[in-house]
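Just below is one structure, and these are the notes that go with it.
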2 protein chains.
Amino acid sequence: MANISDVARISKVSVGTVSNVFNNPEKVKPETRERVCRVIEELNFHPNLSARNLSRLKTDTIALIFPFSKRKRIEHYYSDLLAGITEICFQMNFKLLLSSCPPNIDEKEELLIYKKMIESRAVDGIILTVSKYNDERINLLIDTKQKFVVFGRSNLPLEFPWVDIDGKYGISEAVRYLSSLGHTRIGYIGTPNILMFSKDRLEGYKYGLKRCNIDFNPDFILEASVDGDEVEKGENGVIRLLSHNSPPKAIIVSGSQLALGVIKGINKFGYSVGRDISLICFDDAEWNVHFNPPITSISQPVYEAGKLVSRILIKQIKGIECQDSNVLLKPDLIIRESCKNLN
Amino acid sequence: MANISDVARISKVSVGTVSNVFNNPEKVKPETRERVCRVIEELNFHPNLSARNLSRLKTDTIALIFPFSKRKRIEHYYSDLLAGITEICFQMNFKLLLSSCPPNIDEKEELLIYKKMIESRAVDGIILTVSKYNDERINLLIDTKQKFVVFGRSNLPLEFPWVDIDGKYGISEAVRYLSSLGHTRIGYIGTPNILMFSKDRLEGYKYGLKRCNIDFNPDFILEASVDGDEVEKGENGVIRLLSHNSPPKAIIVSGSQLALGVIKGINKFGYSVGRDISLICFDDAEWNVHFNPPITSISQPVYEAGKLVSRILIKQIKGIECQDSNVLLKPDLIIRESCKNLN
DNA sequence: CTTGTTTTTTGAACCGCTTCAATACTTTAA
DNA sequence: TTAAAGTATTGAAGCGGTTCAAAAAACAAG
């Protein structure tokens, strides 16, 4: 396979000129350029990326690390994100290195994976997803001066680029909608407290109640544990909520997997979604619209977030000033038929 | 940032020895090794991957190229596959380069993307997915001597490693099951004919009928077109089938997106799945079990295929003899409640 | 035909590692 | 004590590009 000096030799120029033909074509005289190009064509020469990466000390590659799924498939959250990221990478001519790590991995081990990636300089930037409370990974990335963007916010008092979805807004709008239908007994089933977005959403729930002058009842909320099957947790959770002596009549559930369980639980309890229990699901999974009744959902613009996140990161890598490197996206309440009008 | 010669200088050995500490630790005397390791630790040295890749002329990286989704998310088929692939990559210490390309891209342009990837030697191997009839990509990969594995078989008379799911078996089992419930009027809604797996499944349908002594009725089959929304195609398709003057009483649908439309269409037609129309879906999407009634499905071991495909590819790259580089996986018929027993 | 200016091209240094023949050092056996 | 064999280390030559100061060539003006 031909290399750059073959091309140089045959086209009777220096390697520097061949290199310029690729990287600074305007610097080489048209006639020379054409001659070199012919030889490039003839030899079917293509610059070796590893060599290029080495000498430029950059890779035009970004990385995304996500946890293995327990369900032998990528969470659809990542799936949407990936769709956005790969699209931008394609546009901007960047590559995406995808890594995954075992679920429920030891936090220290997870950090090691990040460290390894940073230190080997395999990528120019990293996309961090699902920020946690006191997320050590963010500290690591800042300490090592690695370029990165976070999908999610942080409680740490640090400046860094992030994109997030306004869960507080989303949930509070759901509460407002339920309240407008006459609901006051509104339950909430949330995700584990250690994830930043859980806090945000729970806050939205409380804020939403307050705004609608509904008293907060701690018996009406439930936070799923970190481990275990999401569907099961949803099922058990909702059954617990419904077993109260004066149970909620509406439930907002944070996450589509949990929601699957919640629906199952509601049916198991002998109730029917939309008639006996109103339901809103944060995160509009593909199937929500196809259920009977179709589930009123809060749709997260994860795909857009993926595009943003990668665009911001690549800009940062290229040294392009980015005016908005902190973006909060609004989710959408999509009203379908799972909530009963009590008025 | 420290490099290998810094380490060599400070620990008073040659760069070769430092390199050996990493790559052939058994070749260096324990005392020396320890001394070098201390310096490595001190300087927080980590070999630069680009340099390593360049001098070894390999990257320990494989690539997967998949089409953008029209639905702003990765098809769950790829999602399962990715889960398997990334898991093996993690285990085998390989990296995965993920690329996507616009949907319905010109075939020539698609080939260019593959060419670019091959010629830049950015990866050591490529995973090709969803083989097509007369798939040019396979020719390209063979011609360029690129290492690769295909998820799917080919009609081309070529030898190459592949993993596939036995669609013929899956569909014919579905037919057999329906027949055992007393069904004889069995329709089939398939995916576009250009995809290899479509042919396979259709064959399964015909074979299944024959085996059960059911006459093949061309009016009962429908092949979805290449473009357009899958759900819509399913909906329109099933309505067309049901509008016949003696319509099928059972339908096998090839693909979960199509199935969503089929269910919608059945309901729209005023029929009810499991009562008026029996339904089997090839591909057990996450939601199938949660529908009412739960959909009897043929579950594809895509996650396992992902593991296999990457394992085979990596072995090939490493030059490890692989006894079984052509694997046909059997899908599973999961009986739920969408088929009526006519007996 | 000079001289000065601008445009092109050169070629060596560099990026940071791996590899391997050659050398140096140890150990063993006679 | 020494030669032979075995073990450990060296260092230079790759790998295949990019970069940039310096040289060369081309052009313009006097």
Side-chain angles (χ1 to χ4, degrees), chain A residues 1-37 39-40 43-61 93 95 116 118-124 318-319, chain B residues 1-37 39-40 43-61 93 95 116 118-124 318-319:
Chain A
M1 198 159 239
N3 63 22
I4 200 174
S5 54
D6 294 330
V7 176
R9 188 165 31 75
I10 295 180
S11 52
K12 296 188 201 313
V13 294
S14 69
V15 291
T17 299
V18 180
S19 177
N20 274 334
V21 168
F22 278 94
N23 305 309
N24 309 88
E26 75 286 356
K27 281 195 184 164
V28 15
K29 193 156 62 162
E31 306 143 51
T32 319
R33 199 191 316 159
E34 213 176 298
R35 180 154 43 91
V36 174
C37 283
V39 175
I40 287 171
L43 298 185
N44 192 28
F45 165 72
H46 295 269
N48 179 309
L49 252 186
S50 300
R52 197 153 195 266
N53 289 344
L54 173 58
S55 70
R56 302 195 317 159
L57 296 181
K58 47 184 168 174
T59 60
D60 291 353
T61 303
N93 215 355
K95 279 142 272 161
K116 204 170 144 192
I118 296 169
E119 283 157 345
S120 67
R121 278 144 296 177
V123 298
D124 296 343
K318 289 190 168 176
Chain B
M1 200 158 236
N3 63 21
I4 201 174
S5 55
D6 293 330
V7 176
R9 190 166 29 78
I10 295 180
S11 51
K12 296 188 202 312
V13 294
S14 69
V15 291
T17 300
V18 180
S19 177
N20 275 334
V21 168
F22 278 94
N23 304 310
N24 310 87
E26 75 286 356
K27 282 195 184 165
V28 16
K29 191 156 63 162
E31 306 143 51
T32 319
R33 199 190 317 159
E34 212 176 299
R35 182 154 43 90
V36 174
C37 282
V39 175
I40 287 170
L43 298 186
N44 192 29
F45 166 72
H46 295 269
N48 179 309
L49 254 186
S50 300
R52 196 153 197 267
N53 289 344
L54 173 58
S55 72
R56 302 194 316 158
L57 295 182
K58 49 184 166 172
T59 60
D60 290 353
T61 303
N93 215 355
K95 279 142 272 162
K116 205 171 144 191
I118 296 169
E119 285 158 344
S120 67
R121 279 145 295 176
V123 299
D124 296 343
K318 289 189 168 176

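Chain naming here is simple, since letters A, B, ... match the order of the sequence lines and numbering starts at 1 in each. This one's a predicted model, so the numbers in the text were calculated from it and none came from an experiment. All values below were derived from every heavy atom in this structure, side-chain atoms included, with hydrogens, water molecules and symmetry-related copies excluded.
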What's B/Leu54 touching, base or sugar-phosphate or nothing? Going by heavy atoms closer than 4.0 Å.
base
Given that B/Pro30 and B/Arg121 both sit by DNA chain D, which one's nearest nucleotide is further toward the 5' end?
B/Pro30
C/dC17 OP1/OP2 closer than 4.0 Å to side-chain N/O of B/Arg56
no
Length of the NZ-P vector between A/Lys58 and D/dG17, whole Å
17 Å
DNA chain D contacts made by residues 19-28 of chain A, counting heavy atoms under 4.0 Å:
A/Ser19, A/Asn23
Rounded to whole Å, please give me the gap between CG in A/Leu43 and P in D/dG16.
14 Å
List the steps and the verdict of side chain to side chain contact (heavy atoms under 4.5 Å, CB included) for A/Leu43 and A/Val7.
CA-CA 8 Å; A/Leu43 298 185; A/Val7 176; 4.1 Å; yes
Can you tell me how far P of C/dA13 sits from CG of A/Leu57, to the nearest Å?
19 Å
Between A/Asn23 and A/Arg56, do the side chains contain a donor N or O and an acceptor N or O under 3.5 Å apart?
no
In whole angstrom, what separates A/His46's NE2 from D/dG17's P?
11 Å
NA contact type, B/Val18, heavy-atom cut-off 4.0 Å: base, sugar-phosphate, or nothing?
nothing
Side chains of B/Leu49 and B/Lys95: closer than 4.5 Å at any heavy-atom pair?
yes
A/Asp6 atom CG is separated from D/dC15 atom C1', nearest whole Å, by 13 Å
Assuming nearest nucleotide by heavy-atom distance, tell me which of A/Lys29 and A/Val15 is located more 5' along DNA chain D.
A/Val15
If each end axis of the helix from C/dC1-D/dG30 to C/dA30-D/dT1 is fitted on five C1' pair positions, the angle between them, to 10 degrees, is 50°
Please state whether the phosphate of C/dC17, meaning OP1 or OP2, lies under 4.0 angstrom from any side-chain nitrogen or oxygen of B/Ser55.
no
Considering all heavy atoms of both residues, which atom of B/Val18 and which atom of B/Val13 are nearest to each other, and what is their separation?
CG2-CG2, 3.8 Å
Under the side chain to side chain contact (heavy atoms under 4.5 Å, CB included) criterion, do A/Thr32 and A/Arg35 qualify, and how do the steps go?
CA-CA 5 Å; A/Thr32 319; A/Arg35 180 154 43 91; 3.8 Å; yes
Which is true for A/Ser50 with a 4.0 Å heavy-atom rule: it touches a base, it touches only sugar-phosphate, or it touches nothing?
nothing
Taking the side chain of B/Asn48 as heavy atoms from C-beta outward, which of D/dG17, C/dC17, D/dC15 is closest to it?
C/dC17
Rounded to whole angstroms, how far apart are CZ on A/Arg35 and C1' on C/dT8?
12 Å
Give a yes/no on whether any side-chain N or O of A/Thr17 is located under 4.0 angstrom from OP1 or OP2 of C/dT10.
yes
Rounded to whole Å, the CE-P distance (A/Met1 to D/dG16) equals 11 Å
Where is the tightest heavy-atom contact between B/Ala51 and A/Leu54, given as atom of each residue plus distance?
CB-CD1, 3.7 Å
Rounded to the nearest Å, what distance is computed from the CD1 atom of residue B/Ile40 to the C1' atom of nucleotide C/dG16?
14 Å
